Amino acid sequence: MDTAIVGLQWGDEGKGKVVDYFLSHANHSHCIRFNGGNNAGHTVEKDGKTYKLSLIPTGILTPNILNVISRGVVVDPVHFLHEIKILKDAGIAVSPSNLIIDAGCALITPDHRRVDSEKNSAIGTTGRGIGPAYEDFYARRSLRVGDLALPDHVLEEKFKNFFTNYSQWLMDFRSTILPYVIFDSAKYYQDIDGKVLFEGAQGMMLDVFHGSYPYVTSSSTNPAFASVITGRHNITNIVGVTKAYSTRVGNGPFPTELHTGPEAEVLSTIGREVGTVTGRKRRVGWLDLAQVKRSCEISGCRSIVVTKLDVLDSLGEISVGIGPLANEWVQTDNHMQYKTFAGWQVNTRDVTSWEQLPNQAKQYLEFIEDFLNISVKFISTGPDSSSMISV
Ligand code: IMP
Ligand code: MG
């Protein structure tokens with residue numbers, strides 16, 4: 001049985017920490033990314049150090065895990081090598097013995113980055129070239145990682161126009177990347193004996209099919225997509241991650257958003273809600289349970305991790321949105337309904353057992369569980385990997 005960690009909101013739910021926790025506590029052999037690219041920003045605090053990963057799977061921080069960038073991911077080759085260097089500088093071992101790229105990954109080129117920055121500002125993309133790279137992939141004209149192994153004249157023939165402008169760009173990384181590449185990835189995925197942990201990037205509300213289109217990313221964030229990409233069809237432990245409140249970076253609908261006021265200030269500053277990739281201030285708001293419930297349904301999630309509970313500690317009152325769900329085609333007069341809870345106003349930072357939680361926090365979590373009809377299995381109470389309650 002494989003596991004998938006999936007974001008239930010708009011990304012930044014704390015999946016990086018959850019992936020790291022699962023890899024440290026359960027027996028997995030592989031950590032595989034199946035969507036997105038270096039638009040993701042996974043922050044992991046471990047042994048007193050902070051690591052920020054965008055493209056390389058979080059499992060790189062755990063010894064004896066084989067990390068795979070599968071062909072659902074678009075790869076910026078220059079960024080790939082840059083991230084390896086940052087990890088190595090931080091003392092993390094990275095080599096083809098613990099990191100692999102699927103030959104089928106489409107490459108992000110400098111043109112993709114330029115087009116993304118110039119044309120996609122209305123959506124508020126990360127500007128990393130993700131959308132334009134997927135556009136070329138689905139238009140069947142991408143240069144893929146495996147093409148780097150072709151002899152020069154074949155590569156030149158196959159990508160004539162591109163080669164004229166970018167032969168130097170290609171040569172700069174070609175020989176460094178090739179040792180990381182697996183060419184028969186379908187067989188590779190089938191042959192994995194151990195348990196795989198699939199690391200989701202972004203969140204269900206940014207899914208290109210089911211998110212708030214067009215304010216979405218360009219890949220599917222659904223763990224079912226991991227099966228499409230790898231041919232592994234036993235991903236039954238689907239773990240959904242939600243913050244105890246909501247954030248969103250970029251544009252698009254956010255029904256429970258708090259634009260100003262002391263509560264917004266608490267979520268923003270105590271929660272340190274600044275984008276890992278872009279440095280943009282994240283929009284903040286109450287938890288939207290109607291939205292999270294929909295995300296659970298379409299992702300097939302079987303258990304929940306609630307993160308950043310401690311960020312709510314100082315609030316006198318805490319609200320959650322309970323519906324109705326916004327739908328761009330079906331207009332309703334109903335505004336978002338809220339259920340409001342008394343805050344606990346006690347420190348829950350770094351608490352590691354359910355018993356130590358104040359009653360109001362327990363009630364808040366039990367309401368989430370009842371509303372979603374899914375068990376809350378873990379609660380994160382601080383950035384450090386040890387600040388986790390296993391229920
Ligand atoms: P793109 O993925 O760069 O094309 O951006 C599309 C939308 O997804 C924008 O609103 C981005 O801010 C958002 N986005 C992309 N990746 C992440 C992420 O990892 N966390 C949060 N938002 C993201
Ligand atoms: Mg992030």
Side-chain angles (χ1 to χ4, degrees), residues 5-20 33-45 50-58 69 72-76 79 83 106 108-109 111-138 199-222 225 241-243 245-254 257 268 271-285 291 295 305 307-308 311 380 383:
I5 308 292
V6 54
L8 297 174
Q9 300 169 298
W10 291 275
D12 307 311
E13 298 91 352
K15 294 180 294 297
K17 174 180 166 169
V18 175
V19 168
D20 182 60
R33 276 276 307 265
F34 61 89
N35 76 305
N38 61 320
N39 50 349
H42 294 161
T43 306
V44 180
E45 295 194 17
T50 302
Y51 302 95
K52 290 181 189 295
L53 296 156
S54 287
L55 174 65
I56 294 178
T58 299
I69 299 172
V73 176
V74 286
V75 171
D76 180 331
H79 177 92
E83 206 166 306
I108 301 176
T109 68
D111 276 341
H112 292 145
R113 291 181 62 111
R114 186 180 47 72
V115 170
D116 196 21
S117 304
E118 284 172 10
K119 298 205 174 141
N120 292 331
S121 59
I123 289 171
T125 66
T126 59
R128 292 283 173 99
I130 307 298
Y134 280 114
E135 275 181 55
D136 272 353
F137 177 73
Y138 284 109
E199 173 174 30
Q202 294 86 44
M204 289 306 298
M205 287 308 286
L206 290 174
D207 178 273
V208 66
F209 296 107
H210 280 286
S212 43
Y213 192 93
Y215 302 100
V216 290
T217 193
S218 302
S219 63
S220 174
T221 60
N222 198 313
F225 190 59
V241 187
T242 174
K243 274 183 204 179
Y245 52 97
S246 304
T247 62
R248 175 166 201 165
V249 262
N251 302 328
F254 186 174
E257 182 166 11
S268 186
R272 291 190 284 167
E273 295 298 353
V274 177
T276 311
V277 169
T278 55
R280 284 180 291 182
K281 205 172 167 210
R282 294 177 185 142
R283 298 156 68 192
V284 298
Q291 176 268 304
S295 294
V305 184
T307 61
K308 298 186 107 167
V311 173
S380 171

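The figures that follow rest on heavy atoms only: side chains count, while hydrogens, waters and symmetry mates do not. Just follow the structure's listing: the first ligand is 1, and inside any ligand the first atom is 1. Remember, it's a predicted structure, so these values are computed and weren't measured experimentally.
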re atom 3 (O) of ligand 1, the protein heavy-atom contact at minimum distance is Thr126 OG1, 2.6 Å
Ligand 1 atoms nearer than 4.0 angstrom to some heavy atom of Gly41 are 19 (O)
Decide yes or no on side-chain contact (heavy atoms from CB on, under 4.5 Å) for Ser212 and Arg248, but give the supporting numbers first.
CA-CA 12 Å; Ser212 43; Arg248 175 166 201 165; 3.2 Å; yes
In this structure, atom 6 (C) of ligand 1 is nearest to the protein heavy atom Val216 O, 3.3 Å
Around Arg272, counting heavy atoms of other residues, nucleotides and ligands shown, do more than 12 lie under 6.0 Å from its CZ?
no
Does Thr276 have a non-hydrogen atom less than 4.0 Å from ligand 1?
no
Nearest non-hydrogen protein atom to atom 19 (O) of ligand 1, with distance, is Ala40 CA, 3.3 Å
Do Asn120 and Pro132 touch side chain to side chain, with heavy atoms closer than 4.5 Å?
yes
Close N or O approach (Val249, ligand 1; < 3.5 Å):
yes
More than 12 heavy atoms of other groups within 6.0 Å of Phe225 CZ:
yes
Among protein heavy atoms, which lies nearest atom 11 (C) of ligand 1, and at what distance?
Gly124 O, 3.6 Å
Are Glu199 and Ile5 side-chain neighbours, meaning at least one heavy-atom pair lies under 4.5 Å?
no
In the protein, which heavy atom is nearest to atom 2 (O) of ligand 1, and how far is it?
Thr217 OG1, 2.6 Å
Can you check salt bridge (charged side-chain N to carboxylate O under 4.0 Å, His left out) on Arg114 and Asp111, steps first, answer last?
CA-CA 5 Å; Arg114 186 180 47 72; Asp111 276 341; 3.2 Å; yes
Close N or O approach (Thr125, ligand 1; < 3.5 Å)
no
To the Mg ion (ligand 2), the closest N, O or S atom belonging to Asp12 is OD1
Please report which non-hydrogen protein atom sits nearest to atom 23 (C) of ligand 1, along with the residue it belongs to and the distance in Å to one decimal place.
Leu206 CD1, 3.6 Å
Would you name the heavy atoms of Leu206 and Trp10 that are closest together and state the gap between them?
CD1-O, 3.3 Å
Under 4.0 angstrom from ligand 1, any heavy atom of Arg280?
yes
For residues Val73 and Leu55, determine if any side-chain heavy atom of one lies less than 4.5 Å from a side-chain heavy atom of the other.
yes
Please tell me if the side chains of His79 and Ser54 come closer than 4.5 Å, counting only heavy atoms from C-beta onward.
yes
The atoms of ligand 1 lying under 4.0 Å from a heavy atom of Trp10, numbered in the order shown, are 21 (C), 22 (N)
Would one find an N, O or S atom of Gly41, in either backbone or side chain, under 2.8 Å from the Mg ion (ligand 2)?
yes
Atom 17 (C) of ligand 1 [closest protein heavy-atom partner, distance rounded to 0.1 Å]:
Gln202 CG, 3.5 Å
Hey, are Lys52 and Glu45 close enough for a salt bridge, meaning a charged N less than 4.0 Å from a carboxylate O?
no
Identify, for atom 21 (C) of ligand 1, the protein heavy atom at the shortest distance, and state residue, atom and that distance.
Asp12 OD2, 3.0 Å
